[in-house]
Amino acid sequence: MPKPRSQQISLLDTPFYHICSRTVRKAFLCGVDKETGVSFEHRRAWIEQRIFQLSQVFSIDICAHAVMHNHLHLVLHVDSEQVKSWSTAEILKRWHQLFKGTYLTRQYQNKQVLDKFQLAMVESSAEIYKKRLIDISWFMRSLNEPIARQANKEDKCTGHFWEGRFKSQALLDEGALLSCMAYVDLNPVRARISDTPEQSDFTSIQLRIKAAITGKQPTSLLAFTGNEQQHKKVGISFSLKDYLTLVDETGRIVRDDKRGAISAKAENILARLHISNESWLKLTTEFECIFTGAVGTAEHLCEFSEHVGLQRAHGIANAQACLNTA
């Protein structure tokens, strides 16, 4: 039986989450339907554009994404601190980019005169919207519903396009986050859709590689802060160069099926994460099989389970095998 979202998401424990959403009725997000010969590649642009549009509205950043034939992967960062500084006007401006709001919130945004009772109602609505702007369920609803309408219109049919529930995994520590991001970024390579990460269209790794060539990071993705950008408070606390090295080497191993053939440089990077070579390769190729729920060390899993009210922590044995290694 699926767990309620309250037992899958705990911002007290982590702001990072892996999301997977799949289509139904063998519907295509991209690729070519072998039975009809119809190409659906253009739908990849729909969904990537929508992801980046939503990240500019919600207080939710994109760490990694990959659009596959019948499913979508996202690694999200919920910035619950940023939303605290937003004024009522800022909250309404963002919300109205996606939804109509109420008659009074529209009047407020149009700077029409309201009495104190009407202002109180506006403030009450803004508080509701404020919570929704850091809510992953609302983010996914705002992503999936418009895509489903577009796809159904194109397919000239009605009914569900996505499965009823998206999968959510809390990423409780650095090892869990980086291995999940690499797993997502390498989806097209594992599926033999692309030979290399840089050839993987509509993925975050392709955007990061292109930007890195010019010495920059893509503005549409959450930045790696590393040692060179310590002044940045929000970001992925890891070196971008080291991450790209890990993904590149892992991609070569996956593509050429060379188990364990990882360089000394990559070994040193993994040593800092306390993850063995074997565990890293297992995580980046079988992440969703190894962990069905939250991901992290055994200690972090126990803390998370206690906070969300689970009677016991799931995945302890796999955590000890893959993420608690020296």
Side-chain angles (χ1 to χ4, degrees), residues 18-20 28-32 39-52 55 61-77 177-226 228-229 235-270 273 275 277 280-288:
H18 171 224
I19 306 298
C20 182
F28 280 77
L29 280 178
C30 61
V32 177
S39 174
F40 296 94
E41 283 295 304
H42 57 282
R43 292 182 179 177
R44 305 177 87 180
W46 290 358
I47 201 161
E48 188 174 64
Q49 289 169 6
R50 185 66 176 176
I51 289 168
F52 295 147
S55 70
D61 305 300
I62 312 301
C63 301
H65 74 277
V67 182
M68 304 300 289
H69 287 94
N70 61 358
H71 65 283
L72 162 73
H73 285 282
L74 290 170
V75 178
L76 303 177
H77 169 262
L177 171 63
L178 293 172
S179 57
C180 183
M181 287 180 61
Y183 171 80
V184 169
D185 280 330
L186 288 170
N187 253 257
V189 176
R190 284 198 311 278
R192 307 294 178 182
I193 296 172
S194 304
D195 288 332
T196 62
E198 58 268 28
Q199 294 174 346
S200 302
D201 295 333
F202 300 98
T203 61
S204 48
I205 192 64
Q206 186 183 66
L207 296 179
R208 291 194 189 278
I209 292 171
K210 286 181 177 179
I213 294 172
T214 63
K216 299 178 180 178
Q217 296 198 49
T219 57
S220 54
L221 299 173
L222 185 64
F224 281 80
T225 54
E228 68 278 7
Q229 298 183 43
I236 302 167
S237 301
F238 197 73
S239 163
L240 172 62
K241 184 178 179 181
D242 286 348
Y243 177 73
L244 294 180
T245 298
L246 283 176
V247 172
D248 178 62
E249 292 209 12
T250 308
R252 293 173 191 273
I253 294 168
V254 171
R255 182 189 63 200
D256 300 331
D257 196 24
K258 295 179 180 178
R259 292 289 176 181
I262 198 163
S263 71
K265 183 178 180 180
E267 283 185 1
N268 291 334
I269 298 170
L270 291 175
L273 293 171
I275 299 176
N277 300 352
W280 174 260
L281 292 173
K282 189 174 180 65
L283 285 165
T284 53
T285 55
E286 304 174 35
F287 192 89
E288 291 180 279

Provide the closest heavy-atom pair for [X] versus [Y] in the form atom of the first, atom of the second, distance.
| X | Y | answer |
| --- | --- | --- |
| Thr196 | Ser200 | O-OG, 3.1 Å |
| Trp280 | Ala182 | CZ2-CB, 3.8 Å |
| Cys180 | Val75 | SG-CG2, 3.9 Å |
| Ala64 | Ser204 | CA-OG, 3.1 Å |
| Leu186 | Pro197 | CD2-CG, 4.0 Å |

Can you check whether [Y]'s main-chain N or O pairs, donor with acceptor, with [X]'s side chain at less than 3.5 Å?
| X | Y | value |
| --- | --- | --- |
| Asp185 | Ile205 | yes |
| Glu249 | Ser263 | yes |
| Arg190 | Tyr183 | yes |
| Glu198 | Gln206 | no |

How far does [atom1] of [X] sit from [atom2] of [Y], to the nearest 0.5 angstrom?
| X | Y | atom1 | atom2 | result |
| --- | --- | --- | --- | --- |
| Phe40 | Asn70 | CZ | CG | 12.5 Å |
| Asn268 | Leu273 | CG | CG | 11.5 Å |
| Ile51 | Leu72 | CD1 | CG | 5.0 Å |
| Gln49 | Ser220 | CD | OG | 11.5 Å |
| Arg208 | Phe224 | CZ | CZ | 4.5 Å |
| Asn187 | Thr285 | CG | OG1 | 11.0 Å |

Hey, does [Y] have a side-chain heavy atom less than 4.5 Å from the side chain of [X]?
| X | Y | answer |
| --- | --- | --- |
| Ile236 | Leu178 | yes |
| Leu281 | Ile253 | yes |
| His65 | Leu207 | yes |
| Leu177 | Phe238 | no |
| Met68 | Ile193 | yes |
| Leu76 | Ile62 | yes |

Salt bridge (charged side-chain N to carboxylate O under 4.0 Å, His left out) involving Asp61 - partner list, sequence neighbours excluded = none
Taking the six-membered ring for Trp, are His18 and His73 parallel (under 30°), tilted (30 to 60°) or perpendicular (over 60°)?
-> parallel
Short side-chain donor-acceptor distance under 3.5 Å, Ser194 and Asp201 |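 Result is no, nothing qualifies.
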